[in-house]
Each structure stands twice: as C-alpha cells, then as structure tokens.
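The next block holds one structure in the form of structure tokens; read it before the comments.
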Amino acid sequence: MIDIRLLRDNPDAVRASQQARGADLSLVDAALAADDRRRSSLAQFESLRAEQKSMGKQVAQATGEEKAALIGRSKELAGQVKEHQGAANVAEAELDELLYRIPNLVDGAPAGGEENFVTLKTVGTPRDFAAEGFTPRDHLDLGESLGAIDTARGAKVSGSRFYFLTGVGARLELAILNAAMDRALAAGFTPMITPTLVTPDTMRGTGFLGEHADEIYRLERDDLYLVGTSEVALAGYHGDEILDLSDGPRRYAGWSACYRREAGSHGKDVRGIIRVHQFHKVEMFSYCPVDDAAAEHQRLLAWEEAMLAAVELPYRVIDTAAGDLGSSAARKFDCEAWLPTQERFLELTSTSNCTTFQARRMNVRERTEGGTRTVATLNGTLGTTRWIVAILENHQQADGSVRVPEGLRPYLGGLEVLEPVR
RNA sequence: GGAGACGUCGCAUAGUCUGGUCUAGUGCGCCACCCUGCUAAGGUGGUAACGGGGCAACCCGUUCGCGGGUUCAAAUCCCGCCGUCUCCGCCA
C-alpha cells in the first residue's frame, strides 16, 4: 500500500509512476476523492461522537427527571452517531479498496514493459561447445542419463509440471540449498524454515492477491493459501510489530517449498524442470530503515552474484522495466544465467526493493527518535531447484558427465563429477 | 474432534460478577532531572499505537484478541470467530 500522505502531497509522483508501469491513471484521482470523502465524513462522525460522550457523562451523574430528559436527548444523538459512523466506515472501505489497487511507486526502474529491461552487466563467458567439438545436451536429457531427474513419473504421480529429483539430482538440489543457507548464515542472516500455508490476510498483505491471484494455490476447505515463496511468510513474520533497527537491518534466510499454478504459462518452458508447480528455494529477506533500502538492495544483489560465482555460471544482471515489476516492488534486479541449449538467459535470481509498500500493509514499523515509521522490505533469491538446469547444462562434458563446480563439492561429499548411469 | 480456562496501552497484573467518576489503576522496565564525594539505594516527573485538526502548545476521535449485537452509555452483558493453555479422544 502506498502512503496516503504521499498521494495527498504529491499526486503527480503517483501519476508518473502509474504512467511508467502502464497502470491505471484514473485510480489516482479516484483515491484522492475517496480520501476527501473519508475525511469529511470522519470529521462529522467524530464531532457527533464527542458530543455523545460528554452527554453520557452528564447522564451518569444526573438523577430522576433530569436523567430521564437527558436520556431522551441522548437517544436522538445515538441514532445520528450510528448513521455517520456507518458513512465514515463506508468511505474508509472505499479508500482502502482503491489504495490497495495502486502498486508501489517505481523508483529508478526503466520505463516500459518486459522487453524494455536494461542490462547492467554481463559476467563470465558462455562456453563455445562447437569449438570443444560437441553439441550440448539439454538439462532434461542430461538429468535423465545421470539418473537425476524423472519427469515421466512426476507426471504419473502428480500431473504435468511435476517431477522427481532422484539420486544425485536430489543430492544436487540439497547441495545448492545448503550452500545458499551457509552463505546466508556467514553473511549474518538468520536461517528460517517457514510455513508454506498462510492465511488470506498474510497473502493479501504481502501483495500477492492482486493481479497474481491466478498463480496461487488455495485450499478452500481450510481457507489457506500455498505460498509461491517464503517471502510471504517472512514478510508476515514481523506483522503488527515495532522493530528496533538501530543496529542495522533484520535479515532472514527462508528455506521453503514454493508452489505456483503457472496458470498463464501454457506451452511455455514445458520441457524439464524450468517451470514447475513445486520447487525449493532459499530466499533472503530484509527489514531495513527506508533510507538504507537502496543500499541494501545492492547488498542483496551482491550476495546473489557471489552465489552465482560459487557455482561458476556465466550470467547477466538486468534492471527490470517498470511495467514488469510486481505490484510491491519499486525496483527489481534479476540475475540470469546463460542456457547453452536455448542460447538465451534464464532467470535464476530476482531481488526486489519493496520500499515501505509491503511493510505498510503488514504494519511493520521501527522506533525512531521522532516516533515510529514504516520500514522498507527487500527480498532476493539465493538458490532454487531451477539452478540445477543451468549447472547441468553449463558444466556438461563431451562424455555426458557433468563437472561439479568447486563451491558445491563440499555439499556433495567431495564429488567432482556426476557420471551417467545409462 | 469434545470439554474447560484464558486473551487489558513493552513485560507482569488490577478492573469484568454488580455497565456510567476507566480520561484504563499498580508494579517492573525504560527516559529525564534531583540527591548521594564512587557504587548501591532513594526522590520527582515522564513513558502505547493509529487517525483527524492546528505554525505550535495542544485539541478531538479510535483501539482492552477480531467481528457483530444489546443499550442513552460496553474492557464490563449477549452471539460468532481467531489464538493460547489444560484435560479427554484420535492419529503418528
């Protein structure tokens, strides 16, 4: 949720942001009008209520006929109070509904849609397989011959876009996630294993029930949602709390299963485990003073890049365009690894600065000398199941084996090469 | 799944039976000042959040788990929900 005071004081900034995102401009004026209605109806209610309260005190002290007369007058007043209270509540609900639909203010992201991203840097060089004298195999091909990935049985058991990680595949995923957890711990993050089912309030508060509602699994019987990322639980973790951030940001590394319906992605990335309904992820999450948020964003990006370096992948960093940001994000950087068989980059990490947008909805504040203020929240990926795809493809060898990058060897019992089993 | 107890402004608790002076008391903690030649102890005052108004001092409103209801008036009475604890049942 954006700050209503910002909307009042500087509606043009909100308009400019809506413009950059290609979002609805009329929401701005609608919300301003609703705010006016809310304030005037609230003022009416409050003055009537003040009168009612003072009369209540007189009633309490009066006796006999005088009391009866006062009660008579109070009754009339009570009716009016109720009426205006109702009006104020309606006005407030209308404002909330409008504010909920306005996404976060864009901060520094390039204008335009998905294709208008800016490449900030490219790191490493993709291998030249032609020069090496063989044609690279894709991750599923490799995964099957290594006995690491079984999508056929995944589909048999659970349907399309499900898979089993088997043998060395399961070990490889654990290695990636454990390496991510260890690196986060070393950087001062608090490791967390989070709930993956959350209440509607939590899901709404984190901003995932807006335009992405179709992406989310819901358990109707229990009125719970399956999270698409531990960000949801971690953002809810300090909900309705006032934090002390004087010693710096609170950083959490969440480990969880993630569930995505992939409703709008029919026909996209159908082969292998690039785009699946369930995977695992280690996610960094930071509660941070708002003036430190941009710097914290850079720190999260740096931790992501260090993890990519540890698994020795060539990648680029992109600055996502405004129209491609989630509703909570003011700015987003993705790290995309090179995928040799598709000759394109594949998103492996994504870090968003949500400024105060998410924290305002979740009501997370910090104590400062001047009182309380809403904190900023940021998140970023440190490792996922999908990394297996890039690791297998980039480190494959002519004989069908896959070299284990040094950063993962300690997590695979020193294993240096994954050998085909068939 | 069943029964019971409980949920109060950082923490602990009073207040609920018997509705009104609750503008929510007290202790602890915290902050400021005073006193004390150091320390310990003591004294005085202050100390919830949110919203609206005001240059400001300040004023008004909301919030006693959440949502309804009764009433002129609800922390207090009634209903529903959520959570915690205890016991029972069931499952691992």
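Chain identifiers are assigned alphabetically (A, B, ...) following the order of the sequence lines, protein sequences preceding nucleic acid strands; residue numbering begins at 1 within each chain.
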Can you tell me if [X] touches the phosphate of [N], counting only side-chain N or O atoms and a distance under 4.0 Å to OP1 or OP2?
X	N	value
A/Arg39	B/rG53	yes
A/Lys53	B/rU62	yes
A/Arg49	B/rU62	yes
A/Lys82	B/rU70	yes
A/Arg5	B/rG51	yes
A/Arg38	B/rG51	no
A/Arg367	B/rA48	no

*Sequence neighbours left out, what pairs pass ring pair (Phe, Tyr, Trp, His ring centres under 6.0 Å) with at least one residue falling in residues 141-191 of chain A?*
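As it turns out, the ring pair (Phe, Tyr, Trp, His ring centres under 6.0 Å) pairs with a partner in residues 141-191 of chain A, which skip direct neighbours, are A/Phe162-A/His277, A/Phe189-A/Trp303.
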*asked:* Between A/Arg251 and A/Glu296, does any side-chain N to carboxylate O distance fall below 4.0 Å?
replied: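 A salt bridge is present here (some side-chain N lies under 4.0 Å from a carboxylate O).
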*asked:* Under a 4.0 Å threshold between the charged nitrogen and the carboxylate oxygen, would A/Asp291 count as salt-bridged to A/Arg373?
replied: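 Result for this pair is yes, salt bridge flagged.
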*Is it true that a side-chain atom of A/Glu393 and a backbone atom of A/His139 form a donor plus acceptor pair closer than 3.5 Å?*
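Judged by distance alone, yes, a pair lies under 3.5 Å.
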Interatomic distance where [atom1] belongs to [X] and [atom2] belongs to [N] [whole Å]:
X	N	atom1	atom2	result
A/Asp35	B/rG53	CG	C1'	14 Å
A/Met55	B/rU23	CE	C1'	19 Å
A/Asp96	B/rC50	CG	P	16 Å
A/Phe45	B/rG53	CZ	C1'	16 Å
A/Lys75	B/rU70	NZ	P	14 Å
A/Glu241	B/rG10	CD	P	13 Å
A/Leu77	B/rC72	CG	P	12 Å
A/Asn89	B/rU63	CG	P	10 Å

Watson-Crick or G-U counterpart of [N], or none if no pair lies under 3.5 Å:
N	answer
B/rU16	none
B/rA56	none
B/rC30	B/rG46
B/rG83	B/rC6
B/rA75	none
B/rC64	none
B/rU23	none
B/rA92	none

Rounded to whole angstrom, note down the [atom1] distance from [N] over to [M].
N	M	atom1	value
B/rU47	B/rC9	C1'	11 Å
B/rU8	B/rA14	C1'	10 Å
B/rA74	B/rU63	C1'	14 Å
B/rG25	B/rU84	C1'	26 Å
B/rA49	B/rG43	C1'	31 Å
B/rC55	B/rA32	C1'	27 Å
B/rA5	B/rC77	P	13 Å
B/rG69	B/rU13	C1'	30 Å

*asked:* Would you say that more than 12 heavy atoms from the other residues, nucleotides or ligands in this model lie under 6.0 Å from the CD of A/Gln19, or not?
replied: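 Open.
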*Using the closest heavy atom to pick a nucleotide of RNA chain B for each, name whichever of A/Glu51 or A/Ile4 lands nearer the 5' end.*
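This one resolves to A/Ile4.
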So what does [X] touch, heavy atoms closer than 4.0 Å: a base, only the sugar-phosphate, or nothing?
X	value
A/Thr372	sugar-phosphate
A/Ala50	sugar-phosphate
A/Arg373	nothing
A/Gln52	sugar-phosphate

*If you take all heavy atoms of A/Leu392 and A/Leu418, which pair is closest and at what distance?*
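For A/Leu392 versus A/Leu418, the nearest heavy atoms are CD2-CD1, 4.3 Å.
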*Could you check which of B/rC72, B/rG61, B/rA49 has an atom nearest any side-chain atom of A/Ile71?*
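Between B/rC72, B/rG61, B/rA49, the one nearest the side chain of A/Ile71 would be B/rC72.
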*Answer yes or no: is there a side-chain heavy-atom contact under 4.5 Å between A/Leu27 and A/Val14?*
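No; the side chains remain at least 4.5 Å from each other.
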*So, do A/Asp35 and A/Arg39 sit near enough that their side-chain heavy atoms are less than 4.5 Å apart?*
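Yes, at least one pair of side-chain atoms sits under 4.5 Å.
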